[in-house]
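Working notes, beginning with the structure itself.
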Amino acid sequence: MVLPKETDRGMTLKELQYIVTIAEEKSISRASARLYVSQPYLSQCLMRIERQHDMPLFRRTQHGLVLTFAGEQYVETARKIVKLYNDFETGLCEISNMRKGRLTIGTTIHLGSMVFSTILPIFRELYPNIELRLEEGPSQKIEEYIIASKVDIGLLHCPLKDSAISYIPIRENNFVAVLHKDSHLEEFFYKKEESPYPFIDPKHFSGEKFVLAYPYQRVRQIADQILAAAGIQPLSCLNTSSVQTAMCLSAVGLGVSFMPENYISLFNCPVEPQFCRMEEEFGAKWTMAVAYDSKDMLSGPAKEFIRIMKENM
C-alpha cells in the first residue's frame, strides 16, 4: 500500500471540520478554542490545505477572516460531506445497538441547569459509550444550531420561531408574576386551595411599571402573551436578559416581572419577592420540548434521550 504524501490533494474529515469552524468563527483563535486544538496547529493546518490546493481559502480583513470564492466552494462542499458522514455514523450507531456514538444537545443555560442534572446521569449509566456534547446559548441561537446541524437536538421552550424545526413536547410549566412583597396590589390577591401562591388577575397590572426580558427571549414572548390577553400595553419598563435580575428588581418594587414557576428554586434574592399565579385564560405557561431539524432522522441516542426525559420530567 502506498501512503499519500503531504502534497497529495487528499482531505480528511477532521480537516473539513477545521475549515468549516474557521469560516463560522471568522477567527483562528476562536476556532481553535471551539475545536480544542492549539492555535499554531490550526494555523499550520490551514496553510497546508491552502498550499495543497494552491489557492487561499480566506482573506484577512478588519472584521476577521472572510472566505474567498474558492473558500466558499470548499466550505459548502465540506458541510455536505460532514453531514453525509454524520448521517452514516447515525446509521452505524443504530446498527451497533447504542454501543458507540455521539449526541450533541443544545439548550439555554437555565433550562440546562434544571434538566441535565436529572437526565444526563441516567443516560450516562445506561449508555456509557455514547459521547455527550453540550452547546448552550439563547433560544434563537440554539434554533440556528439545529438548522445548521451543529446540534442533534435542542432542549427549548415553545413557541419556536423556525417552522423547519419539529419538536416533541415534554412538559408544561406555569408562569408567575413577581411583585414587591408589600405591593399595593395585594388587595387583589385571592387564594386557591391547591396553590402555594395567591392568584391575581393580570388586568390589575394596568398602569404598572414592568421589568421584562428582551423581545427575542422566550420569557419575554410569554410575558407579552400574558399582557396582551389582559389588554395591557406596557408604557414603562426596564429590560434585562437575566430572569434572576428581573426577579430581584421586582422584589424591591421597580416593576412587575414574569418568570417560570419552576425557576424560582434556581435563584436567590436579597429581598423576598411576592409570587402570584394567574388563571389559564391568560396563557401564563410554556411547553418544554425537544426540538430537531424536520429534515433529519433522529439518531438512536437522541430517541433514548427523549424517552428518558419523558419518563423522568
Side-chain angles (χ1 to χ4, degrees), residues 21 24-25 33-36 86 90 101-127 130-175 213-223 240-247 258-267 285-313:
T21 305
E24 290 172 348
E25 297 294 339
R34 183 170 145 193
L35 292 164
Y36 299 101
N86 287 340
T90 295
R102 178 190 303 131
L103 179 62
T104 304
I105 308 168
T107 190
T108 60
I109 294 174
H110 294 323
L111 187 52
S113 66
M114 292 184 56
V115 172
F116 289 153
S117 60
T118 300
I119 302 303
L120 293 191
I122 300 172
F123 186 93
R124 181 62 59 79
E125 183 177 358
L126 291 173
Y127 306 108
I130 300 296
E131 179 187 354
L132 290 169
R133 294 184 179 179
L134 307 180
E135 293 283 350
E136 294 178 319
S139 299
Q140 185 175 342
K141 181 62 68 175
I142 299 303
E143 287 196 29
E144 293 172 6
Y145 285 172
I146 292 171
I147 294 301
S149 299
K150 291 184 182 179
V151 299
D152 301 305
I153 55 175
L155 186 56
L156 296 169
H157 283 111
C158 299
L160 304 180
K161 290 222 166 189
D162 197 315
S163 59
I165 298 177
S166 298
Y167 66 90
I168 299 170
I170 301 296
R171 188 179 73 181
E172 282 191 339
N173 295 116
N174 292 319
F175 267 55
Y214 290 98
Y216 63 84
Q217 294 179 268
R218 292 286 189 271
V219 174
R220 172 61 180 273
Q221 292 157 21
I222 302 302
T240 173
S241 61
S242 167
V243 175
Q244 182 176 13
T245 298
M247 179 182 75
F258 302 93
M259 65 182 290
E261 186 173 330
N262 61 334
Y263 279 21
I264 293 174
S265 61
L266 294 179
F267 307 128
K285 63 176 61 178
W286 64 7
T287 300
M288 179 173 64
V290 176
Y292 60 96
D293 191 333
S294 55
K295 301 189 299 296
D296 293 339
M297 176 180 67
L298 279 173
S299 67
K303 291 176 182 175
E304 278 301 285
F305 183 86
I306 294 168
R307 179 188 67 79
I308 294 169
M309 278 204 66
K310 284 184 172 180
E311 289 180 358
N312 293 275
M313 296 300 296

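Note that these values count all heavy atoms, side chains included, but never hydrogens, waters or copies made by symmetry.
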Please step through side-chain contact (heavy atoms from CB on, under 4.5 Å) for the pair F123 and L132, ending with a clear verdict. CA-CA 10 Å; F123 186 93; L132 290 169; 3.7 Å; yes
Could you go through R34 and E25, starting from their C-alpha distance and side-chain angles, then the distance that decides it, and tell me whether this counts as side-chain contact (heavy atoms from CB on, under 4.5 Å)? CA-CA 9 Å; R34 183 170 145 193; E25 297 294 339; 2.8 Å; yes
Mind running salt bridge (Lys or Arg N to Asp or Glu O under 4.0 Å) on E143 and R218 for me, showing each step along the way? CA-CA 12 Å; E143 287 196 29; R218 292 286 189 271; 2.2 Å; yes
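Annotation: the span from I153 atom CD1 to I142 atom CD1 amounts to 11.5 Å, rounded to 0.5 Å. Note that CG of L35 and OG1 of T21 are 4.0 Å apart. Values are rounded to the nearest 0.5 Å. Separation of atoms CZ (R307) and CG (N312) is listed at 8.5 Å; rounding is to 0.5 Å. Here CD of E172 is found 12.0 Å from CG of N262. Values are rounded to the nearest 0.5 Å. Separating the CD1 atom in I170 from the CD atom in E311 is a distance of 11.0 Å, to the nearest 0.5 Å. If you take NZ on K285 and CG on N173, they are separated by 9.5 Å, rounding to the nearest 0.5 Å.
Residues F267 and H110 bring their aromatic ring centres within 6.0 Å.
Across P301 and R102, no two heavy atoms sit closer than the pair CG-O, 4.4 Å. The shortest heavy-atom contact between T108 and S139 is CG2-OG, 3.5 Å. Taking every heavy atom of both residues into account, W286 and C158 meet most closely at CB-O, 3.7 Å. The two residues P169 and T287 have their closest heavy-atom pair at CB-CG2, 3.8 Å. L298 approaches I306 most closely through the heavy-atom pair CD1-CD1, 4.0 Å. Heavy atoms only, all atoms of each residue included: K150 and T104 are closest at O-CG2, 3.5 Å.
Under the 4.5 Å side-chain criterion, counting only non-hydrogen atoms from C-beta, I165 is not in contact with Y292. Within the 4.5 Å cutoff, no side-chain heavy atoms of Q217 are placed close to those of Q221. For the pair I222/F258, no side-chain contact is recorded, criterion being any heavy-atom separation below 4.5 Å from C-beta on. L126 is listed as a side-chain neighbour of I308, based on a closest heavy-atom distance under 4.5 Å. Residues S113 and L266 meet the side-chain proximity criterion, which asks for heavy atoms closer than 4.5 Å. By the 4.5 Å heavy-atom criterion applied to side chains, M114 and L155 are not counted as neighbours. Looking at heavy atoms from C-beta onward, M259 lies out of side-chain contact with V219 at the 4.5 angstrom threshold. E261 places none of its side-chain heavy atoms less than 4.5 Å from the side chain of F175.
Remark: the backbone N or O of E136 is not paired with any side-chain donor or acceptor of T107 at under 3.5 angstrom. Remark: side-chain polar atoms of E125 are not paired, donor with acceptor, to backbone N or O of I122 under 3.5 angstrom. Checked by atom type and distance alone, the side chain of E135 never pairs as donor or acceptor with a backbone atom of I105 at under 3.5 Å.
The 12-atom threshold is not exceeded at CZ of R124, counting heavy atoms of other residues, nucleotides or ligands nearer than 6.0 Å. Residue Y167 places its OH atom among 12 or fewer non-hydrogen atoms of other residues, nucleotides or ligands, all under 6.0 Å distant.
Between E131 and R133 there is a salt bridge, since a side-chain N of the basic residue sits under 4.0 Å from a carboxylate O of the acidic one.
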